[in-house]
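Note sheet for the following structure.
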2 protein chains.
Amino acid sequence: MITRGEMWQAEILRVLNRSHAPVTAYEVLETLRETHGKVAPTTIYRAPSSLADCGRVHRVESLNAFTAYQCDRHQHTSILSICEECGSVEESVAPELLDEISGLVGRSGFSPMRHVIEVHGMCGSCSMRKLQA
Amino acid sequence: MITRGEMWQAEILRVLNRSHAPVTAYEVLETLRETHGKVAPTTIYRAPSSLADCGRVHRVESLNAFTAYQCDRHQHTSILSICEECGSVEESVAPELLDEISGLVGRSGFSPMRHVIEVHGMCGSCSMRKLQA
DNA sequence: TAACACGTGTTACTATATAACATTTATCGA
DNA sequence: TCGATAAATGTTATATAGTAACACGTGTTA
C-alpha cells in the first residue's frame, strides 16, 4: 500500500530529478502547489529528510537545498562539486578520502558520524564557455 | 584610523572568541544589542562576511553559524569537526587532502574555488563522558 | 466499537538572510 | 576650504528557510 507520505516522496523526487541543479525546499513547494493546491512547508521538509535518511537525496548544506542522487550506486557520502556559474552539481565517491579525513579528525578522539564535503567552483563546460567568450 | 566597520568586526570577533562553539548571526546580534542598543541584521552579516573573506572567521555552512579561527596559522581552508553533543568545533589543516579532493573533482574539468569540509560526530571528551555514564 | 497509536495536515511562529534605499563619511578637484 | 562625488555604513522592509505544536484522520487491537 502507498501511504500519503510515500506519495509526497515520489512527487518530490520527481521535482528534484527534473533539475540538474539543487532545488530549495521552497522551490519544491511552489512547484507542487501548481499541481496540488495548498501544500505546507512541513510536508516538504518531512519528505526530503526521510529521503536523505535513506540515501535517495542529498541535502546541500552550503546552498540550503536538495538534489537527487544522480546514480543509484552512490547511496552513501559523496563529494559534491557545485558550479557557481550554472548551478550544476556533480557527485564523486571516494571512500578512501573519507577514511583519511576520519583518521585526521580522529587523532583528537573525535568520532565522525556524517561528512559534509562540498566544493564550490566552476565546472568544465562553464570554464570552456568562459574561455571562448 | 578605525572605521565603524572595523569597530564592528572587532566587536563581533570578541563575541565569537568568547564561545568555543559556533555562534549564529542572530546570537551575535542579541549580544551586541545588550551593549549597543539597536543593531540591524545587515550590520552583523556584513562584518563576518568580510572577516571570512580575510580568513579570520569560518562560516560553518552546516550550522548556518560563524566561529573564530582558533589559531592564526590556520588562515586557510580548514576541516571542521563539529561535536553534536557539546557543540564544540575543532579545526584541522591538511593541504594534501584538499589537493586530493581537488584532483578528484578536477577529473571532469571542475575548477575548485572554495572547499567546505565539515565532519559531524562526537568529540573525544563527550565520548569519554558517555562511556563513564 | 471503544481506546489507543501513529502518520499526516494545518496553523502559527521562529530563525536566517538580503534587497533597496537613506544617511553619513571620506576623497578629491577647483 | 568648499562643494561634488563616491564609498561605507545605517535603516527599513521583506524574502527565504525551518520547526513546534497541535488537530485530525486512519488503522489497529482488545
Side-chain angles (χ1 to χ4, degrees), chain A residues 1-13 15-16 19 21-54 56-67 82 84 87 89 114 116 118 120, chain B residues 1-13 15-16 19 21-54 56-67 82 84 87 89 114 116 118 120:
Chain A
M1 176 198 181
I2 295 180
T3 65
R4 282 166 296 171
E6 287 161 354
M7 186 268 276
W8 285 121
Q9 291 190 2
E11 291 288 331
I12 288 164
L13 261 184
V15 174
L16 294 183
S19 166
V23 182
T24 69
Y26 277 72
E27 286 166 355
V28 174
L29 195 56
E30 299 233 328
T31 306
L32 291 189
R33 276 181 177 157
E34 290 168 11
T35 51
H36 291 73
K38 192 162 88 172
V39 182
T42 316
T43 308
I44 302 302
Y45 278 98
R46 277 176 188 153
S49 302
S50 53
L51 288 168
D53 285 346
C54 68
R56 313 267 315 262
V57 310
H58 304 274
R59 184 181 154 85
V60 186
E61 297 290 350
S62 53
L63 298 178
N64 295 330
F66 297 94
T67 189
I82 301 156
E84 300 199 328
V89 170
R114 182 168 72 99
V116 175
E118 300 173 2
H120 288 251
Chain B
M1 172 185 187
I2 295 178
T3 66
R4 283 166 297 169
E6 287 162 354
M7 185 267 276
W8 286 121
Q9 292 189 2
E11 291 288 329
I12 289 164
L13 261 183
V15 173
L16 294 182
S19 166
V23 181
T24 69
Y26 277 71
E27 286 166 355
V28 173
L29 195 56
E30 299 235 326
T31 307
L32 291 190
R33 275 180 177 158
E34 290 168 11
T35 50
H36 292 74
K38 191 162 89 173
V39 181
T42 315
T43 308
I44 302 302
Y45 277 97
R46 277 175 187 154
S49 302
S50 53
L51 288 168
D53 285 346
C54 69
R56 313 269 312 263
V57 310
H58 305 273
R59 184 181 154 86
V60 186
E61 297 289 351
S62 53
L63 298 177
N64 295 329
F66 297 93
T67 188
I82 301 156
E84 300 198 329
V89 171
R114 181 167 74 98
V116 175
E118 300 173 2
H120 288 249

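So that the names make sense, note that chain A is the first sequence line, chain B the second, and so on, each numbered from 1.
- Relative to the axis of its first five pairs, the axis of the last five pairs of the helix from C:dT1-D:dA30 to C:dA30-D:dT1 sits at 10°, rounded to 10 degrees.
- Between B:Thr31 and B:Val23, every side-chain heavy-atom pair lies at or beyond the 4.5 Å cut-off.
- Considering only side-chain N and O atoms, B:Asn64 lies nowhere under 4.0 angstrom from the phosphate OP1 or OP2 of D:dA17.
- To the nearest angstrom, P of D:dT16 lies 9 Å from CD of A:Glu27.
- Look at B:Lys38 and you'll find a side-chain N or O under 4.0 angstrom from OP1 or OP2 of D:dT12.
- Side-chain contact between B:Arg56 and B:Gln9 is absent, with no heavy atoms from C-beta onward closer than 4.5 Å.
- Taking a cutoff of 4.0 Å between a charged side-chain nitrogen and a carboxylate oxygen, A:Glu61 and A:Arg114 qualify as a salt bridge.
- Rounded to whole Å, atom P of C:dA17 lies 7 Å from atom CZ of B:Phe66.
- The OH atom of B:Tyr45 sits 19 Å away from the P atom of D:dT14 (whole-angstrom rounding).
- Here the side chain of B:Arg33 pairs a donor or acceptor atom with the backbone of B:Val39 at under 3.5 angstrom.
- Dashed line: the shortest gap from a side-chain N or O of A:Arg59 to OP1 or OP2 of D:dA17 is not under 4.0 Å.
- In the displayed structure, B:Glu84 atom CD is contacted under 6.0 Å by more than 12 heavy atoms of other residues, nucleotides or ligands.
- Taking atom CG on B:Leu63 and atom P on C:dT16, their separation rounds to 10 Å, with Å as the unit.
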For A:Thr24 and A:Phe66, run side-chain contact (heavy atoms from CB on, under 4.5 Å): C-alpha distance rounded to whole Å, both residues' side-chain angles, the deciding distance at 0.1 Å, then the answer.
-> CA-CA 6 Å; A:Thr24 69; A:Phe66 297 94; over 6 Å; no
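- In terms of the side-chain contact (heavy atoms from CB on, under 4.5 Å) criterion, residue partners of B:Val89 (sequence neighbours excluded) are, by chain and number, B:Pro22, B:Leu80, B:Ile82.
- Atom-to-atom, CG of A:Leu29 to C1' of C:dT11 comes out at 14 Å; the value is rounded to the nearest Å.
- Contact check for A:Asn64 versus A:Arg59: side-chain heavy atoms found under the 4.5 Å cut-off.
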Protein N or O to nucleotides 8-10 of chain D N or O, pairs below 3.5 Å:
| from | atom 1 | to | atom 2 | distance (Å) |
| --- | --- | --- | --- | --- |
| D:dT9 | OP1 | B:Thr3 | OG1 | 3.2 |
| D:dT9 | OP1 | B:Gly5 | N | 2.8 |
| D:dG10 | OP1 | B:Trp8 | NE1 | 3.4 |
| D:dG10 | OP2 | B:Trp8 | NE1 | 3.1 |
| D:dG10 | N7 | B:Arg46 | NH1 | 2.8 |
| D:dG10 | O6 | B:Arg46 | NH2 | 2.9 |

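- An aromatic stacking contact links B:Tyr26 with the base of C:dT16, defined here by ring centres under 5.5 Å apart and ring planes under 30° from parallel.
- Applying the side-chain contact (heavy atoms from CB on, under 4.5 Å) test between B:His58 and each of B:Val116, B:Leu16, B:Thr67 identifies B:Thr67 as the sole match.
- One atom, CD of A:Glu11, and another, C1' of C:dG9, lie 16 Å apart when rounded to the nearest Å.
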